[in-house]
Amino acid sequence: MSKPDPARWGFTTRTVHGDRLGGVEHGGIHKPMHTSVQYGYANAAELIGVFQGEIAGFNYARQGTPSVAALEACVNRMEDGRGTICFATGMAAIVAVFTTLLKAGDHLIASKFVFGNTNSVLGTLQGLGIRVSMVDATDAAEVAAAVTPQTRMVFVETVANPRTQVADLAGIGALCKARGLIYVVDNTVTSPWLFKPKAVGASLIINSLTKSIGGHGNALGGAVTDTGLFDWSTYPNIFEGYRKGNPAGWGLGQIKKKGLRDQGGSLSSEAAHKLSVGAETLGLRMDATSRNAQALAEMLEAHPAVRRVYYPGLASHAQHARARELFCGNSWLLAFELKDDADCLPFIDRLSLPIIATGLGDTRTLIIPVAHTIFWEMGAEKRAEMGIAESLIRVSVGIEDAQDILDDFTRALGGGSA
Ligand SMILES: *Cc1c(COP(=O)(O)O)cnc(C)c1O
């Protein structure tokens, strides 16, 4: 019998054996937490080689550590990328992509259904002279209609938080390819287990590692993956100094130097270690949370006290067919409205199992009233524009036993035995 070939192993096998196959010190199964900030070299020439990129190595932890590099390799394998850089948070990763690849006078097209803090960053960019159009990205024609000669980039989320709109991921991918635009896909909600943005032509993939990939609510982190599909050789915003070597590496090279190194949103080795351990069970957790969320969505939709449920796994969802075609599961994010709007907050207080908290993609079920918290700052008018009802409730479904979740929600809705 021939020896097993790691290159042909499945997603989870490669993830749990990745560090070991990379050669871990002392045969440890995990890459250790390297806490050093400085890395010393035998002579000046070696140090110079590392600084000038001729020799692979670490010099100062703001630009990476061996523990962070192990996580980057892990995420990169998961997304089938050409390269991945980790950041302290998902937001640090997003801000680095926007601010290092766009400049004043450029035009960015973004989905109008995006994570609240990302939405806030889009406002910051406008103040810096970058024009931003926010469009309904569930239809690629809306994106196409917004393209101008100054358009450089399109940014979308796979499944939008909190209303779960599914972007026209394939249609926008084809458009970006035809028009030579950088296509950035935030894959946080689906994760590389349920969806590979590279399959629809994404240039760059964002993952908030805090959510699906880390999964345990114990560490923040973010990642940018370059799929290798975008031709950086013709991109006008690559600084002269970074137009060296293989153009395939220019984009991520600039994000690393101008974003990670200069902006300093660097991941710690301690957080990288926790996120790496969490990543080992990504597939198991995403399957479990998708199953639980589907069961909860179906129960809620059938309940007389519920007005509407937003979950891509329901036949009633506007992009249900698209989600079925693109994703291997529908993830942990669902939202719903009660018929009695005034019962929104008392209902949440009647639940005993979910944690009343912000946050997503945790092993524990989390619940939050949307308009009063995460979308409070933007105001009622903008909420209405984004289709967010004042009584919308968001749930991030955890890995608990499904029956316990269903029982608790049923009791709180007033339809079950107490
Ligand atoms: C949470 C989240 C982010 C930001 O990630 P942090 O790690 O919390 O900074 C970005 N995009 C989406 C879709 C998210 O859910």
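Numbering of ligands and ligand atoms starts at 1, following listing order. Predicted, not measured: the structure shown is a model, and the values here were computed from it.
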Looking only at protein heavy atoms, what sits closest to atom 5 (O) of ligand 1 is Ser208 OG, 3.0 Å
Under 4.0 Å from one or more heavy atoms of Gly221, ligand 1 contributes atoms 7 (O)
Counting heavy atoms under 4.0 Å, the part of Leu360 that contacts ligand 1 is side chain
Centre of Tyr310's six-membered ring, under 6.0 Å away, within 45 degrees of the axis: is that where NZ or CZ of Arg163 sits? yes
* Asked: Would Lys103 count as a cation-pi partner of Tyr235, with NZ or CZ less than 6.0 Å from the six-membered ring centre and within 45° of the ring normal?
  -> no
Side chain to side chain contact (heavy atoms under 4.5 Å, CB included) with Glu142: of Asp136, Asp168, Ile172, only one passes, and it is Asp136
The reported gap from OH in Tyr242 to OG1 in Thr100 (rounded to nearest 0.5 angstrom) is 10.0 Å
In this structure, atom 6 (P) of ligand 1 is nearest to the protein heavy atom Gly90 N, 3.4 Å
I'd like to know if the side chain of His30 pairs up with that of Ser276 as donor and acceptor (distance under 3.5 Å, no hydrogens or angles considered). no
**Asked** Below 6.0 angstrom between ring centroids: does that apply to Phe98 and Phe155?
**Response** yes
Among non-hydrogen protein atoms, atom 7 (O) of ligand 1 lies closest to Thr210 OG1, 2.6 Å
At under 4.0 Å between heavy atoms, what of Val114 touches ligand 1? The answer is neither
Within 4.0 Å of some non-hydrogen atom of Ile94, the atoms of ligand 1 are 10 (C)
the protein heavy atom lying closest to atom 12 (C) of ligand 1 turns out to be Asp186 OD2, 3.4 Å
Nearest non-hydrogen protein atom to atom 9 (O) of ligand 1, with distance, is Met91 N, 2.9 Å
Worksheet item: For the side chain of Gln126 and the backbone of Arg131, is there at least one donor-acceptor N/O pair under 3.5 Å apart?
Response: no
When distances are taken from atom 14 (C) of ligand 1, the protein heavy atom at minimum range is Lys211 NZ, 3.0 Å
In this structure, atom 4 (C) of ligand 1 is nearest to the protein heavy atom Phe115 CE2, 3.5 Å
Paired with Thr158, the side chain to side chain contact (heavy atoms under 4.5 Å, CB included) test is passed by just one of Val185, Val166, Leu326, Thr188, namely Val185
